[in-house]
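Below is one structure, written out as structure tokens; the observations come after it.
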Amino acid sequence: GGTNNNVKTSSDLIVEGKNNVVLDTNRSIVSGKDNNESQGTNNILSGKNEVLSSVSNTSINGDTNNLNTVFNSNVYGKNNTIKDVYNSSIYGENNDVSQNSTNTLVTGLNNKEYNGNQNIIFGRFNEVLDSSGSLIGGRGNKLTKGTNSEIMGISNEIIETKQEYIIGDKNKSARGSNNAIIGNLLDISNTTLSIFSGKSSNVLSSNKIILGGEGHNITSSSGSLITGLSHIELNSGNNAISGNLHNINNSNNSSLIGK
């Protein structure tokens, strides 16, 4: 039905609407206008200006979505680019999901996922690369090679982490595992089994740290509790530090309180 539809080398179709082109496609339903489906099977396509190539068992609705090699998925929205994707759902606008992403839910605006698996991504301008089992929400967060992590907030950057919980603004975490990072401008590297909160602290190559406050620098330390302002702990462990401006180097099992 409809007007000026073009169907070639296809079978078992329902085509309605206007100016739709269907080539080498079987058992699909196509409606709307100016849509193009080729080499498809078992799809439901509606909307306008949609382009599908090598898509199967997928539902598409919206405007100017582009799908290439997509299977068992749902795509709803506008200007989404979906390529080499399996068993996933994408909702929103200007999202880019590709490079063998599977079992993923993406919703929002201008999000990107490349080579992801079992992720949930929502919000806007988030980017997820080579990651799995993670939940990412907010704006402008970037996760690279992360596993089983949760990231919420704005402009957090996470690289090669496992089992991390990160919430806040402009935090960084690299090559860590089993950490909770809550705050602003915290920079954590090569650290495990720790809890961080506060603002503008740096932690490197440490483990089992509990940290709060602002402006600390912790390196190669373990098992310490640190609060207050601008402490430095280096090559130390099992210390309790509070107050302001303490400097601890190669010291263990100590308590420093006050200014």
Side-chain angles (χ1 to χ4, degrees), residues 14 16-17 20 22 25 27-144 146-158 165-167:
I14 298 175
E16 299 177 345
N20 296 299
V22 184
T25 293
R27 299 181 299 279
S28 287
I29 300 173
V30 180
S31 63
K33 67 176 183 176
D34 299 313
N35 299 303
N36 189 314
E37 179 177 6
S38 62
Q39 298 179 326
T41 307
N42 301 325
N43 298 309
I44 300 175
L45 165 61
S46 61
K48 63 180 181 178
N49 301 314
E50 314 275 34
V51 177
L52 280 65
S53 177
S54 301
V55 175
S56 295
N57 305 317
T58 293
S59 176
I60 310 97
N61 192 336
D63 183 358
T64 322
N65 297 298
N66 192 317
L67 284 70
N68 189 329
T69 316
V70 177
F71 302 95
N72 309 321
S73 296
N74 299 297
V75 179
Y76 296 89
K78 182 178 181 181
N79 293 327
N80 296 297
T81 300
I82 318 297
K83 184 177 181 181
D84 299 320
V85 169
Y86 308 84
N87 309 322
S88 296
S89 295
I90 297 94
Y91 306 95
E93 186 173 351
N94 296 322
N95 298 298
D96 184 352
V97 181
S98 58
Q99 298 181 16
N100 295 311
S101 291
T102 61
N103 304 313
T104 285
L105 170 61
V106 179
T107 180
L109 175 69
N110 290 104
N111 297 299
K112 296 181 179 180
E113 182 187 36
Y114 303 144
N115 191 33
N117 184 34
Q118 299 174 355
N119 298 308
I120 298 175
I121 304 164
F122 62 94
R124 52 183 174 162
F125 298 102
N126 298 299
E127 187 171 336
V128 178
L129 313 174
D130 303 315
S131 298
S132 64
S134 295
L135 173 65
I136 302 95
R139 184 179 78 235
N141 299 296
K142 185 174 181 179
L143 174 65
T144 304
T147 305
N148 303 327
S149 294
E150 183 174 343
I151 300 102
M152 299 287 173
I154 301 172
S155 300
N156 298 294
E157 184 174 0
I158 301 93
Y165 176 81
I166 300 168
I167 185 167

### Query
When rounded to the nearest 0.5 angstrom, what is the spacing between CG in Asn110 and CD in Glu93?
7.5 Å
### Query
Given Glu50, which of Asn36, Asn66, Asn35, Val75 fulfils the side chain to side chain contact (heavy atoms under 4.5 Å, CB included) condition?
Asn35
### Side-chain donor-acceptor pair present, Thr102, Asn117, cut-off under 3.5 Å
yes
## Note on the structure
The reported gap from CD1 in Ile158 to OG in Ser134 (rounded to nearest 0.5 angstrom) is 9.0 Å
### Query
So do Ser89 and Tyr76 actually touch side chain to side chain, heavy atoms under 4.5 Å?
no
### Message
Using only atom types and a distance under 3.5 Å, with no angle test, would you say the side chain of Asp96 pairs donor to acceptor with the backbone of Ile82?
### Response
no
### Task
To the nearest 0.5 Å, tell me how far Ser53 OG sits from Glu37 CD.
9.5 Å
### Query
Say you draw a straight line from CZ of Phe125 to NZ of Lys112; how long is it, rounded to the nearest 0.5 Å?
10.0 Å
### Task
Could you tell me whether a side-chain N or O of Ser131 sits under 3.5 Å from a main-chain N or O of Gly146, the two making a donor and an acceptor?
yes
### Message
Do Tyr114 and Asn100 pair up side chain to side chain, a donor and an acceptor below 3.5 Å, judged on atom types alone?
### Response
no
### Task
Would you check if the side chain of Asn156 reaches a backbone N or O of Ile151 as a donor-acceptor pair within less than 3.5 Å?
no
### Task
Evaluate the side-chain proximity of Phe122 to Asn111: yes if any heavy-atom separation is below 4.5 Å, no if none is.
no
#### Entry: Separation of Ile14 CD1 from Leu45 CG (nearest 0.5 Å)
13.0 Å
#### Entry: Donor-acceptor pair, side chain of Ser88 and main chain of Asn103, under 3.5 angstrom
yes
### Task
May I have the step-by-step check of side-chain contact (heavy atoms from CB on, under 4.5 Å) for Ser56 and Asn42, ending in yes or no?
CA-CA 6 Å; Ser56 295; Asn42 301 325; 5.9 Å; no
### Query
Is there side-chain contact between Asn74 and Tyr91, with at least one heavy-atom pair below 4.5 Å?
yes
### Task
Compare all side-chain heavy atoms of Leu135 with those of Met152 and state whether any distance is below 4.5 angstrom.
yes
#### Entry: Exercise: do Asn61 and Ser46 side chains pair donor with acceptor under 3.5 Å
yes
### Query
Which pair of heavy atoms, one from Thr41 and one from Arg27, lies closest together, and at what distance?
CG2-NH2, 3.3 Å
### Thr104 OG1 to Asn119 CG distance, which is reported to the nearest 0.5 Å
5.0 Å
### Task
Report yes or no: do Asn141 and Asn126 form a side-chain donor-acceptor pair below 3.5 Å?
yes
### Query
With distance as the sole test, does Asn68 use its side chain to make a donor-acceptor pair with the main-chain N or O of Lys83 at under 3.5 Å?
no
### Task
With the side chain counted from C-beta on, respond yes when Ile60 and Leu67 share a heavy-atom pair under 4.5 Å apart, and no when they do not.
yes
### Task
Report yes if some heavy atom in the side chain of Leu109 is under 4.5 Å from a heavy atom in the side chain of Asn94; otherwise report no.
yes
### Query
Is Asn43 reaching over with its side chain to a backbone N or O of Thr58, donor-acceptor style, under 3.5 angstrom?
yes
### Message
Test your reading of the model: is there a side-chain donor-acceptor pair from Ser54 to the backbone of Thr69, 3.5 Å cut-off?
### Response
no
### Message
I'd like to know whether Asn115 forms a side-chain contact (heavy atoms from CB on, under 4.5 Å) with Leu129, so could you lay out the CA-CA distance, the side-chain angles of the two residues, the decisive distance to 0.1 Å, and finally the verdict.
### Response
CA-CA 6 Å; Asn115 191 33; Leu129 313 174; over 6 Å; no
### Task
Test side-chain contact (heavy atoms from CB on, under 4.5 Å) on Asp84 and Ser98 and set out the steps.
CA-CA 5 Å; Asp84 299 320; Ser98 58; 5.7 Å; no
